There are 2 protein chains.
Amino acid sequence: MVFSMDQVSAGDNEADRSGPLSAVLEQQIEHLILSGELGPGVRLNEIPLAGRFGTSRGPLREALRGLQARGLVVVGANRGMYVRAISPREALEIYDLRAAVFGLAGRLLTDRVTDAMLDRLSGFLNEMDRLAAARDLEGYYHVNLDFHEFLVTSAGNSLLVEQYKSLVNKLHLCRTRGLVQAGGLSVSNREHREMVDGLASGDRYRAQEAFFRHVERAKLRFWSTVEGQQGIIQS
Amino acid sequence: MVFSMDQVSAGDNEADRSGPLSAVLEQQIEHLILSGELGPGVRLNEIPLAGRFGTSRGPLREALRGLQARGLVVVGANRGMYVRAISPREALEIYDLRAAVFGLAGRLLTDRVTDAMLDRLSGFLNEMDRLAAARDLEGYYHVNLDFHEFLVTSAGNSLLVEQYKSLVNKLHLCRTRGLVQAGGLSVSNREHREMVDGLASGDRYRAQEAFFRHVERAKLRFWSTVEGQQGIIQS
DNA sequence: CCGTATTTGTCCGTATGTATG
DNA sequence: ACATACATACGGACAAATACG
């Protein structure tokens, strides 16, 4: 008997349908990590953590193993588990992977893009232009997220979506202060226009390259802020 | 308590006391899966499996959660865990991701390639030409693996290596018979030359595209064999 | 449709080794 | 070197869901 069971990805909130408790814990802890409530480097003590969720250590350990395999938690032999802390050097590697995956989204999207999608993308661009002019960092940030999410999910490759989100999540484990500055908004949106223009041109390579370079330039902006903060980076 | 020490079951129990037992189990089971000993779709019963390795269910479940997060095992709620079976459709998605990651390797490699590396790569090419002419499928297969591994590891991005291997592993979970045919060897090696030429040219985009298209063409070859085997593929 | 057996999911108690003070 | 704390792992137990007859 073949099976194509889809995952438990059902709602991620509350005391919902108790699927495997370990899966619920995994999502809860992931949320705690990504929300910053459990910052990078924080030690994850089993007993208090299990008590916090009202479970025993068994399911908790299973959940942490899952997070470990997904790169959000690291373990030291007999030394416990910690929220992964990503160095700026590792962040650069992640940016490169993200650029490649995002570039693939552009390449794939070129062959499936419709006029309706191009209209919607234009809407995103205009909205972001407006917010950038108004210096509304918060608003720009969210529309920017929606814009990227729309692009990635429209590429028609579910594995791509998964990998992209995983890379973005890992990037959040590198603590740097103030990644966005108002000056960068208009620059960023110009890159967005190049991406959409690439899609509209129907040239896969041009679209792929526009998508790739958008992330690559984000990497450079990230690196410049890191250089500004610390004089020397330890590998 | 009749059971004391009976098992050195039909397996390879190294006195490998390295690290958490769950990690050891994870690697062992991964090896069993990738070697085909546990084929796609096989059910993983906890009790017999734990007995096979002489451990309790705890560490075994942790190991399986890790494999689940890495995509080699799927779990149905209260229905047990199975070795993941990848459909041809999913395999296509994986090929696209692999192309993007491999293309990134080419792009990164262009800026770090040395004359010594180019010489070594030429050696690979000549060796594969020789084996292709001799119709030595087995030999070509292994040198081909070394060639790709050398390229990926030389790109200087450890995350890239990890992701690439993960994608290749997942591809092994799609059961198809006879992926390689003698006729494809010379074709494949012509693509390899284009890749190396791209690196030697110093043009990142050319190298990236050569790397990308090499995997893309492998995807097409894979798809044609799948089409040949089954008439129609259900979505 | 119902009863039973198997298996998963979970919890608890405990033993052992290792790291830390 | 000693003692404490903790991670790791074992074994047993039970509830709940599932599969099977």
Side-chain angles (χ1 to χ4, degrees), chain A residues 1-11 14-29 38 41-69 72-84, chain B residues 1-9 11 13-29 38 41-69 72-84:
Chain A
M1 48 197 87
V2 187
F3 41 85
S4 62
M5 51 194 66
D6 51 345
Q7 213 59 304
V8 184
S9 65
E14 320 300 338
D16 62 333
R17 278 288 155 261
S18 64
L21 182 54
S22 57
V24 180
L25 288 177
E26 190 171 332
Q27 268 190 320
Q28 301 248 339
I29 298 174
L38 292 174
V42 168
R43 177 164 194 175
L44 301 170
N45 259 16
E46 293 183 2
I47 294 97
L49 212 61
R52 175 171 181 173
F53 293 105
T55 69
S56 66
R57 296 180 5 246
L60 177 73
R61 284 175 62 87
E62 291 177 20
L64 291 178
R65 292 292 179 200
L67 292 174
Q68 176 198 2
L72 283 100
V73 161
V74 290
V75 299
N78 298 322
R79 265 201 240 173
M81 312 175 89
Y82 299 81
V83 177
R84 181 170 176 189
Chain B
M1 49 188 73
V2 189
F3 334 95
S4 310
M5 45 187 71
D6 52 304
Q7 68 278 53
V8 183
S9 59
N13 270 345
E14 289 94 300
D16 192 33
R17 274 295 173 208
S18 68
L21 182 54
S22 59
V24 181
L25 289 177
E26 191 172 331
Q27 234 181 333
Q28 302 244 337
I29 298 174
L38 291 174
V42 168
R43 177 165 193 173
L44 300 171
N45 240 335
E46 293 183 359
I47 314 291
L49 249 186
R52 177 171 182 172
F53 293 105
T55 69
S56 63
R57 285 171 57 205
L60 177 72
R61 285 173 61 87
E62 291 178 22
L64 290 179
R65 293 289 179 202
L67 292 175
Q68 177 198 0
L72 284 97
V73 160
V74 290
V75 46
N78 297 322
R79 281 210 254 158
M81 313 179 84
Y82 299 81
V83 178
R84 181 170 177 189

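A note on names: the letters A, B, ... follow the listed sequences, proteins ahead of strands, and every chain is numbered from 1. Only a predicted model underlies this, so the values are computations on that prediction, with no experimental measurement involved.
In this structure, CD in B/E62 is found 9.0 Å from CG in A/L64, a value given to the nearest 0.5 Å.
The shortest non-hydrogen separation linking A/V83 to A/L38 is CG1-O, 3.9 Å. B/G66 and A/A69 make their closest contact through O-CB, 3.5 Å (heavy atoms, listed as atom of the first residue, atom of the second, distance).
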Show the distances under 3.5 angstrom between N or O atoms of the protein and N or O atoms of nucleotides 2-5 of chain D.
none

Under-3.5 Å N/O pairs linking protein and nucleotides 11-20 of chain C:
residue : atom : partner : partner atom : Å
C/dC11  : OP2  : A/S56   : N            : 3.0
C/dC11  : OP2  : A/S56   : OG           : 2.8
C/dC11  : O5'  : A/S56   : OG           : 3.4

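For A/L44 and D/dC6, the CG to P distance is 14 Å, given to the nearest whole Å. In this structure, B/N45 places its CG atom 18 Å from P of C/dA5, rounding to the nearest Å. Distance, B/E46 CD to D/dC10 C1': 15 Å, rounded to whole Å. The interatomic distance linking B/I47 (CD1) with C/dA5 (P) rounds to 17 Å, in whole Å. Following rounding to the nearest Å, A/R61 (CZ) and D/dC6 (P) show an atom-to-atom distance of 15 Å.
Applying the side-chain contact (heavy atoms from CB on, under 4.5 Å) rule to A/R79 yields no partners; only residues at least two apart in sequence or on another chain are considered.
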Give the table of side-chain donor-acceptor pairs shorter than 3.5 Å for residues 44-52 of chain A, with sequence neighbours excluded, one pair per line with atom names and distance.
residue : atom : partner : partner atom : Å
A/N45   : OD1  : A/R43   : NE           : 3.3
A/E46   : OE1  : A/R57   : NE           : 3.4
A/E46   : OE2  : A/R61   : NH1          : 2.6
A/R52   : NH2  : A/E37   : OE2          : 3.3

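Look at C/dC1: it lacks any Watson-Crick or wobble partner with both distances under 3.5 angstrom.
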